[in-house]
2 protein chains.
Amino acid sequence: MVKLKDIAETTGYSITTVSRALAGYKDVSEATRRHIVDIALSMGYQPNAVARQLRSQKTDTIGIIIPAHDSRFSDDFFSELLMGIGYAAAHNGYDLLVSAQTSSDEMSAYQRIVGGNRVDGVILARTRRSDPRIAYLKEVGIPFVVSGRAAPDEPSDFPYIDADSQQGIYAATRHLIQLGHRNIGIVLPPLDIAFTPYRLMGYQRALLEANLPYEQANVTYGDLRRFGGQQAAHALLTQRPQLTAIVACNDAMALGVMQAVESLGLRVGADIAVTGFDDISVAEYATPPLTTVRQPIQEIGQRLVEMLVHIIHRQPLEHPQTLLSPTLIVRQSCGAKQS
Amino acid sequence: MVKLKDIAETTGYSITTVSRALAGYKDVSEATRRHIVDIALSMGYQPNAVARQLRSQKTDTIGIIIPAHDSRFSDDFFSELLMGIGYAAAHNGYDLLVSAQTSSDEMSAYQRIVGGNRVDGVILARTRRSDPRIAYLKEVGIPFVVSGRAAPDEPSDFPYIDADSQQGIYAATRHLIQLGHRNIGIVLPPLDIAFTPYRLMGYQRALLEANLPYEQANVTYGDLRRFGGQQAAHALLTQRPQLTAIVACNDAMALGVMQAVESLGLRVGADIAVTGFDDISVAEYATPPLTTVRQPIQEIGQRLVEMLVHIIHRQPLEHPQTLLSPTLIVRQSCGAKQS
DNA sequence: GTTGACATCCAAAACGTTTTGGGTTATCTT
DNA sequence: AAGATAACCCAAAACGTTTTGGATGTCAAC
C-alpha cells in the first residue's frame, strides 16, 4: 500500500506538505498541489482510514447492533430497517458497522463497538423497558438515536423516531369494530418491549369508544416472530371460540395467527379477521393479503441516520423526538374486501 | 476513555507490562497479572480498537458493499443474505462493515473500504460478467469470497459459493413440462449478471430433453425486481398468447409475473403456471404460494463467512468452490396443487 | 564468586495520519 | 537597505496500541 511517505519521497516534498496538499490547504502553492495530487493519483494512493481515525478521533462510521436470533427465521422488519439505514448512511458519507450479539451477554457487543472507539454514533432499535443499552450509551456520552420511544411510564429523554403505536392499533381495532366485530382478541408483544403498552392502549381505547368490554381473556402474548403468533392465536381461539377477529401487533405474528386460524379449519377474513402491524413486504403477498398498519420503515431508517449525523456534528435537532402517524392499509385479511 | 497509560499510572507498572498482562503473556507474574486485570476491570478499560488495528494491521472486520438501489423496493434476497452474513460474522469473531454504493462510480466504495485498510476481507455478491470488482480485489490481493460464480465462458478462478442455477431452473422447467405444459416462457435476468447463462441453459436443457423447441420469442429479460418481472411478463403474454407457463429467474420477478398475469384477467396456476427462484420469505405467502427453487440463503451467508475467515487466516480451503444443489419447492403457483 | 538460567519487567519503536508551531525565502514598503 | 509581510514549506508531536530487544534481579550450580 502506498502511503504519504512514499508520495513525499517521489515528489521530494515532506509528508506534511503532501498531506496538506491532498487536503487542499491553501498554504501550499497551486503548482505543487497539482503536482502532488497527480503523483498521488498515479501511484494509486488511498489514505489509510485506520490511521486517520486514530489521529483525528473520528471514524465516519455509524454502529448498529442486530439483536440475537434464536431461530432460523429472518426478521423482516429489522432487515428492512437495516437496509434503509445502510443506504442513508452512505448518502450522508458514513459507513455502517454492523455487529451481532453473540453470547447471552448483550452489552459486550456495545462495549466493544462503542468503548473501542469504532464508531461516532450508534443507532439502537427495538427499545425495551428500562433498557440497559440506553443507560450505557447515555453514560458514556456517545451520540445515539433510537428507533422506538420508551414505555409510557418511563422517561423518553433521548432522541427517537417512532410510529404512533397507540394510534395504529386503535385504527386497526376500530376498523374491525366498524366491520361489525364485537369479540376481538389481541396478540401483544412481550411485556418488556417498550411499545407493548402503547399498542395495548390503542386496543383498549377503541373498545372503550365503542362501549365494548375489555376482557383479559382476549389478550395474549407472543414473541415477535411468526411461531409466537401461531401459538398465541391457537390458544386464544381454542379458549375463546366466540372471537371473530384478532389484532396482531406485528406482521410476523399476524402471519402466524393466520396459520393458526387455518389449522383450526377456519378461514381468514371470512371466519376470523386478522390485522397486523409494520407492513413488511410479505404483508402484501400473504394469503389473503394482510390488512395492517404501515410504518414507513425505509423512511424511519433514513431519518434516524439524519438525526444521528446532526448530533454527531453537534448541530441542534429541530425535532429530537418524532412520532410518525402510521396509516391503516386495508387488504383482505380483515374481510373488508373480497379477495 | 481510560487507556493503557492510565492503568500503568495507577498500578505503577509500565505500559508494556500492562499490555502484556492483559494479553496474558507468561512473562508477567501471576500476582501482578491479577492485580492489573483487577484494576483494568474496575476502571472500565476497553481497548481502543482503532489503535490496535493500526498497530497490528488487522481489523477483525469483514466488508460488504450493498448494491445501489434505484427503487424504493427492498431487495429481499440481499437483505436475507446480509443478515445471514452478519450473524455468521459475529459468530466467528468478526464485525461487519457495510457500505452502500452511492454514486455512479461503483468502485469508489471498494477502494475506500479495501484501500483504506478498513477490513481484513470482503464478501462480494451478485457476480457480473467480467466483474471489475473481482478484478480489483484480485489486484490488491485482499482476501475475498464471492456469492455466485463467474459466467460459463469466463474463469471462476476465485473462491465462491453458488447455487446450481442450471440445475435449479432445469428442475423447475421439467416440473412444468411434466404438468403438461408445452409452451413455456422464461424471464431472464439482465445479460450482464453472471448466472443468467446458467439459468438459460437449465431451461434449454429441460426443453431439449422433452423434445420441445427452443424459441427465442419465448425469452425475455427483466431487471431482478418485481416491476421488471411484471413488464417482461406483460409483453411476453400479449405477444405469445399460446404460453401456459412462465419460468421467472428470481422470486421478485415471479411476483411481478403473477401481477401481470392477473392484470391480463388470467389466473395464476390455473391459466398460467409461474415459478420463481430463491425462496425468499415472501414466496411462501404469495397468492397463490409460489413454486420456486430454494437457495439456502442464510446457509450461504454462513459458509461465505467461514470460507473468508479461513482465507484471512491463511488456512487452506477444502472446498474453495462450492456448488449447492437447490431444491424445487412445489406450491400452488404452478398449478400442481389445489389452493 | 562467577556463570548461566530464569523470571520479571520496561524503554522505545512502529503503525500512517493530522496538526502545531514554527522556519525560510521572496516580495513589498518605507 | 532595513523591516514587514506574505507565501510556501517542514520537523516533530500526537493518537493508543503491540512488539522488539534488552535490563535487572534472583537463585542454583559450579
Side-chain angles (χ1 to χ4, degrees), chain A residues 1-37 39-40 43-61 111-120 140 142, chain B residues 1-37 39-40 43-61 111-120 140 142:
Chain A
M1 284 285 93
V2 34
K3 47 192 177 181
L4 285 185
K5 196 177 163 201
D6 302 323
I7 302 177
E9 276 163 10
T10 59
T11 59
Y13 290 101
S14 73
I15 292 180
T16 305
T17 302
V18 173
S19 172
R20 312 206 101 220
L22 293 175
Y25 280 75
K26 63 236 169 279
D27 65 352
V28 30
S29 80
E30 182 56 21
T32 63
R33 208 213 86 233
R34 231 196 301 263
H35 179 218
I36 288 176
V37 167
I39 297 289
M43 295 177 75
Y45 172 69
Q46 272 293 339
N48 182 314
V50 174
R52 191 180 270 190
Q53 285 171 23
L54 177 60
R55 165 66 222 210
S56 54
Q57 299 290 80
K58 61 199 263 299
T59 61
D60 293 322
T61 304
Q111 286 163 347
R112 208 163 27 86
I113 297 299
V114 174
N117 264 52
R118 300 202 57 177
V119 298
D120 294 341
V140 299
I142 192 171
Chain B
M1 287 283 94
V2 34
K3 46 192 177 181
L4 287 185
K5 195 177 164 200
D6 302 323
I7 303 177
E9 277 163 8
T10 59
T11 59
Y13 290 102
S14 74
I15 292 180
T16 305
T17 302
V18 172
S19 171
R20 313 206 99 219
L22 294 174
Y25 280 76
K26 64 236 168 282
D27 66 350
V28 32
S29 80
E30 181 57 22
T32 63
R33 207 214 85 233
R34 231 195 302 263
H35 178 218
I36 288 175
V37 167
I39 296 289
M43 295 177 75
Y45 173 68
Q46 271 294 338
N48 182 313
V50 174
R52 190 178 269 188
Q53 286 171 22
L54 177 60
R55 166 66 222 211
S56 54
Q57 298 291 81
K58 61 197 264 299
T59 60
D60 293 322
T61 304
Q111 286 163 346
R112 207 161 30 83
I113 297 299
V114 174
N117 262 53
R118 299 204 56 177
V119 297
D120 294 341
V140 300
I142 191 170

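Chain naming here is simple, since letters A, B, ... match the order of the sequence lines and numbering starts at 1 in each. From a predicted model like this one, the values you see are computed outputs, not experimental measurements.
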Presence of A/Y13 side-chain N/O under 4.0 Å of D/dC10 phosphate oxygens OP1/OP2: no
Rounded to the nearest 0.5 Å, what separation is found between the NZ atom of B/K3 and the CD atom of B/E9? 9.0 Å
Span of DNA chain C engaged by chain B, first through last nucleotide within the 4.0 Å heavy-atom cut-off, is C/dT8 to C/dG16
Value rounded to 0.5 Å, distance of CG in A/N117 from CD1 in A/I142: 7.5 Å
Could you walk me through whether B/R20 and B/D27 pass the side-chain contact (heavy atoms from CB on, under 4.5 Å) check? CA-CA 8 Å; B/R20 313 206 99 219; B/D27 66 350; 2.5 Å; yes
Within the side chain of A/T59, is there an N or O that forms a donor-acceptor pair under 3.5 Å with the backbone of A/D120? yes
For A/V2, the side-chain contact (heavy atoms from CB on, under 4.5 Å) test, sequence neighbours excluded, returns A/D6, A/I7, A/M43, A/Y45
Which residues in residues 15-28 of chain A have at least one heavy atom lying under 4.0 Å from any atom of DNA chain D? A/T16, A/T17, A/D27, A/V28
With sequence neighbours excluded, give me every side-chain hydrogen bond (donor to acceptor under 3.5 Å, both in side chains) pair touching residues 46-58 of chain B. B/K58-B/D60
Rounded to the nearest 0.5 Å, what's the gap from OH on A/Y13 to OG1 on A/T32? Could you check? 4.5 Å
Where along residues 4-12 of chain B does a heavy atom come under 4.0 Å from DNA chain C, residue by residue in number order? B/G12
Axial bend angle, the helix from C/dG1-D/dC30 to C/dT30-D/dA1: five-pair end segments, nearest 10°: 70°
Would B/T17 and B/T11 satisfy side-chain contact (heavy atoms from CB on, under 4.5 Å), going step by step from the backbone distance to the final call? CA-CA 10 Å; B/T17 302; B/T11 59; over 6 Å; no
Mapping B/L54 and B/E30 onto DNA chain C by nearest heavy atom, which one lands closer to the 5' end? B/E30
State, to 0.1 Å, how close B/A8 and B/S14 come at their nearest heavy-atom pair, and which atoms those are. CB-C, 3.8 Å
Between B/V28 and B/A21, the two heavy atoms sitting closest are CG1-CA, 3.8 Å
Nearest 0.5 angstrom please: B/R118 CZ to A/R118 CZ, how far? 8.0 Å
